[in-house]
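Computed from heavy atoms alone, side chains included, the values below leave out hydrogens, waters and symmetry copies. The structure displayed is predicted, hence computed values, not measured ones.
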Amino acid sequence: MLRLDRIHPTLLVLGGIASVQFGAAVAKSLFDELGPGGTVFLRVLFAAVVLAAFWRPAARGHSRSDWRLIAVFGLTLAAMNLTFYESLDRLPLGVAVTFEMVGPLGVAVAGSRRALDLAWVVLAATGILLLSGFGGADLDGFGVALALAAGGFWAAYILLSVRVGQRFPGGSGLALAMAVGAVILVPVGVADAGADLLVPWVLAAALAVAILSSAIPYTLEMEALRRLPAGVFGVMMSIEPAMGALAGFIVLGEGLAGRELVAILLVVAASAGAAHGAHTPPRDA
């Protein structure tokens, strides 16, 4: 059996990031069969099953306030995943993740009084403008809007996860919220994929996506956070756009222009600077 406590935490974080982004690339490869709605439904459904089996959350003993929090958290998870997958249907993976990073970047600098954080915001804005070609790039406008919306929901997820973690032990709150998210996505999944949701090889691929996007990274990140300062963890998470670009290139054959690569690096640098000393909880998408 693999002993995670024997692996350097830096390698654990990198492994988690790679797992999330390559999971997204595999998910995108299912869009022809399921569409983004069907894919995200199966991904959240299987993630809920995996997390429930791991955490065994108790359905009893919670107040109405707790359940309202779980309902809002589940709705946020569903919206975050759906808007991101819909953006992936219109944008290259690395580009979508770069726009999505606006959310956690905003959380990292919100309420800060450090003058340096303004520089990170300017740097990130420069990267976003460069990525969009200052309005002239050949990018799907609706896809960009969806990726930015996903970033907003990611920011909400970060803030809500703190509250959920205070009320529920371990990852039990996340498991319950993921189940709520799966229920919310049922009509979207059925409308987009229909009977294809029951094709055996598609179910197997969706299970692989759920494991890559949730079970593996969440486990690796939890172990890493036991031994790694939160600030360092946040900085490392900022490389997600670069890893997304690499996953898109390897799995999907999505190439990027030099301007787009520079833009991604600018956003990575801004996110790393803003995250230094700030904690960005792991994401489930």
Participant: Using the ring pair (Phe, Tyr, Trp, His ring centres under 6.0 Å) criterion, which residues pair with Phe168? Sequence neighbours excluded.
Facilitator: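 With neighbours one apart ignored, the set is His62.
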Participant: Do you know the tightest heavy-atom contact between Gly143 and Ser87?
Facilitator: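 Closest heavy-atom pair between Gly143 and Ser87: O-CB, 3.5 Å.
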Participant: Could you go through residues 71-78 and list every donor-acceptor pair under 3.5 Å that involves a side-chain atom there, pairing it with any protein atom two or more places apart or in another chain?
Facilitator:
{"residue": "Thr76", "atom": "OG1", "partner": "Val72", "partner atom": "O", "Å": "2.9"}

Participant: Decide side chain to side chain contact (heavy atoms under 4.5 Å, CB included) for Val164 and Leu174; before the verdict, give the C-alpha distance in whole Å, the side-chain angles of both, and the deciding distance to 0.1 Å.
Facilitator: CA-CA 8 Å; Val164 171; Leu174 176 62; 5.8 Å; no
Participant: Would you give me the side-chain donor-acceptor pairs under 3.5 Å for residues 245-258, sequence neighbours excluded?
Facilitator:
{"residue": "Glu254", "atom": "OE1", "partner": "Leu93", "partner atom": "N", "Å": "2.8"}
{"residue": "Glu254", "atom": "OE2", "partner": "Lys28", "partner atom": "NZ", "Å": "2.5"}

Participant: Under a single-linkage definition using a 4.5 Å side-chain heavy-atom cutoff for Ile, Leu, Val, Met, Phe, Trp and Tyr, are Leu45 and Ile70 assigned to the same hydrophobic cluster?
Facilitator: yes
Participant: As a quick check of understanding, evaluate side chain to side chain contact (heavy atoms under 4.5 Å, CB included) for Phe142 and Glu86, giving each step before the final call.
Facilitator: CA-CA 9 Å; Phe142 188 48; Glu86 289 286 355; over 6 Å; no
Participant: Would you check if Val144 and Asp140 make a side-chain contact, meaning some heavy-atom pair closer than 4.5 Å?
Facilitator: no
Participant: Scan residues 168-180 for pairs that pass salt bridge (Lys or Arg N to Asp or Glu O under 4.0 Å), counting only residues two or more places apart or in two chains.
Facilitator: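 For residues 168-180: none.
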Participant: Quick test of your reading: applying salt bridge (Lys or Arg N to Asp or Glu O under 4.0 Å), list the pairs with at least one residue in residues 154-177, sequence neighbours left out, ordered by first then second residue.
Facilitator: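 Listed by first then second residue: Asp66-Arg167.
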Participant: Quick one: does Asp89's side chain get under 4.5 Å of Tyr85's, heavy atoms only?
Facilitator: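 A side-chain contact is absent here, since even the closest heavy-atom pair is not under 4.5 Å.
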Participant: Side chains of Ile158 and Pro104, heavy atoms from C-beta outward: is any pair under 4.5 Å?
Facilitator: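 Contact flag for Ile158/Pro104 side chains = yes.
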Participant: Going by the salt bridge (Lys or Arg N to Asp or Glu O under 4.0 Å) test, which pairs reach into residues 194-216, not counting sequence neighbours?
Facilitator: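 Qualifying pairs, neighbours excluded: none.
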Participant: Compare every heavy atom of Ala96 with every heavy atom of Phe84, then report the nearest pair and how far apart it is.
Facilitator: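 Result for this residue pair: CE1-CB, 4.1 Å.
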Participant: Taking a hydrophobic cluster as the set of Ile, Leu, Val, Met, Phe, Trp and Tyr residues connected by side-chain heavy atoms closer than 4.5 Å, whether directly or through intermediates, do Val183 and Leu197 fall within one such cluster?
Facilitator: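 The answer is no; the residues belong to distinct hydrophobic clusters.
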Participant: Is any side-chain heavy atom of Leu203 closer than 4.5 Å to one of Phe46?
Facilitator: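 They are in contact (side-chain heavy atoms under 4.5 Å apart), so the answer is yes.
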Participant: Check whether any side-chain heavy atom of Leu176 lies under 4.5 Å from a side-chain heavy atom of Trp55, and answer yes or no.
Facilitator: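 Leu176 does not reach Trp55 side chain to side chain.
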Participant: For Val26, is there any backbone N or O sitting under 3.5 Å from a side-chain donor or acceptor partner on Ser29?
Facilitator: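 Yes, Ser29 side chain to Val26 backbone: donor-acceptor pair under 3.5 Å.
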Participant: Can you see which heavy atom on Ala147 is nearest to which on Leu91, and at what distance?
Facilitator: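 Closest approach of Ala147 to Leu91, heavy atoms only: CB-CD1, 4.3 Å.
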Participant: Identify the two heavy atoms, one from Thr83 and one from Ala149, that lie closest to each other, and give their separation to 0.1 Å.
Facilitator: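 Nearest pair, atom of Thr83 first, then Ala149: OG1-C, 4.2 Å.
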Participant: Let's go through Leu123 and Trp120 carefully: what are the C-alpha distance in whole Å and the side-chain angles of both, what is the deciding distance for side chain to side chain contact (heavy atoms under 4.5 Å, CB included) to 0.1 Å, and is it a yes or a no?
Facilitator: CA-CA 5 Å; Leu123 187 63; Trp120 302 132; 4.2 Å; yes
Participant: Does Arg43 reach the main-chain N or O of Ala27 with its side chain, forming a donor-acceptor pair under 3.5 Å?
Facilitator: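 No; judged by distance alone, with no hydrogens or angles, the pair does not exist.
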Participant: Do Leu212 and Val20 touch side chain to side chain, with heavy atoms closer than 4.5 Å?
Facilitator: no
Participant: Taking the side chain from Ser213 and the backbone from Ala210, do they hold a donor-acceptor pair closer than 3.5 Å?
Facilitator: no
Participant: Please evaluate residues Leu139 and Phe99 with respect to the criterion side chain to side chain contact (heavy atoms under 4.5 Å, CB included), reporting the C-alpha separation (whole Å), side-chain torsions for both, the decisive distance (0.1 Å), and the verdict.
Facilitator: CA-CA 12 Å; Leu139 291 177; Phe99 281 116; 4.1 Å; yes
Participant: Are Trp67 and Leu69 close enough that some pair of their side-chain heavy atoms sits under 4.5 Å apart?
Facilitator: no
Participant: Roughly how far apart are Leu148 CG and Glu100 CD, rounded to 0.5 Å?
Facilitator: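 Rounded to the nearest 0.5 Å, the CG-CD separation comes out at 10.0 Å.
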Participant: With rounding to the nearest 0.5 Å, note down the distance linking CH2 in Trp154 to CG in Asn81.
Facilitator: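 If I round to the nearest 0.5 Å, the distance is 11.5 Å.
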Participant: If you take all heavy atoms of Ala155 and Gly103, which pair is closest and at what distance?
Facilitator: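 For Ala155 versus Gly103, the nearest heavy atoms are CB-O, 3.6 Å.
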Participant: Heavy atoms only: give me the nearest Leu34-Val202 pair and the separation to one decimal.
Facilitator: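 Taking every non-hydrogen atom into account, CD1-CG1, 3.3 Å.
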Participant: Quick one: OG1 on Thr98 to CD on Glu240, what's the gap to the nearest 0.5 Å?
Facilitator: 10.5 Å
Participant: Looking at side-chain heavy atoms only, is the closest gap between Ser19 and Leu220 below 4.5 Å?
Facilitator: no
Participant: Just by distance, do the side chain of Arg259 and the backbone of Leu131 share a donor-acceptor pair under 3.5 Å?
Facilitator: yes
Participant: Drop me the distance from Ile264's CD1 to Met243's CE, to the nearest 0.5 angstrom.
Facilitator: 12.5 Å
Participant: Which value, rounded to the nearest 0.5 Å, describes the distance between Phe22 atom CZ and Ile216 atom CD1?
Facilitator: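 Interatomic distance, Phe22 CZ to Ile216 CD1, rounded to 0.5 Å: 12.5 Å.
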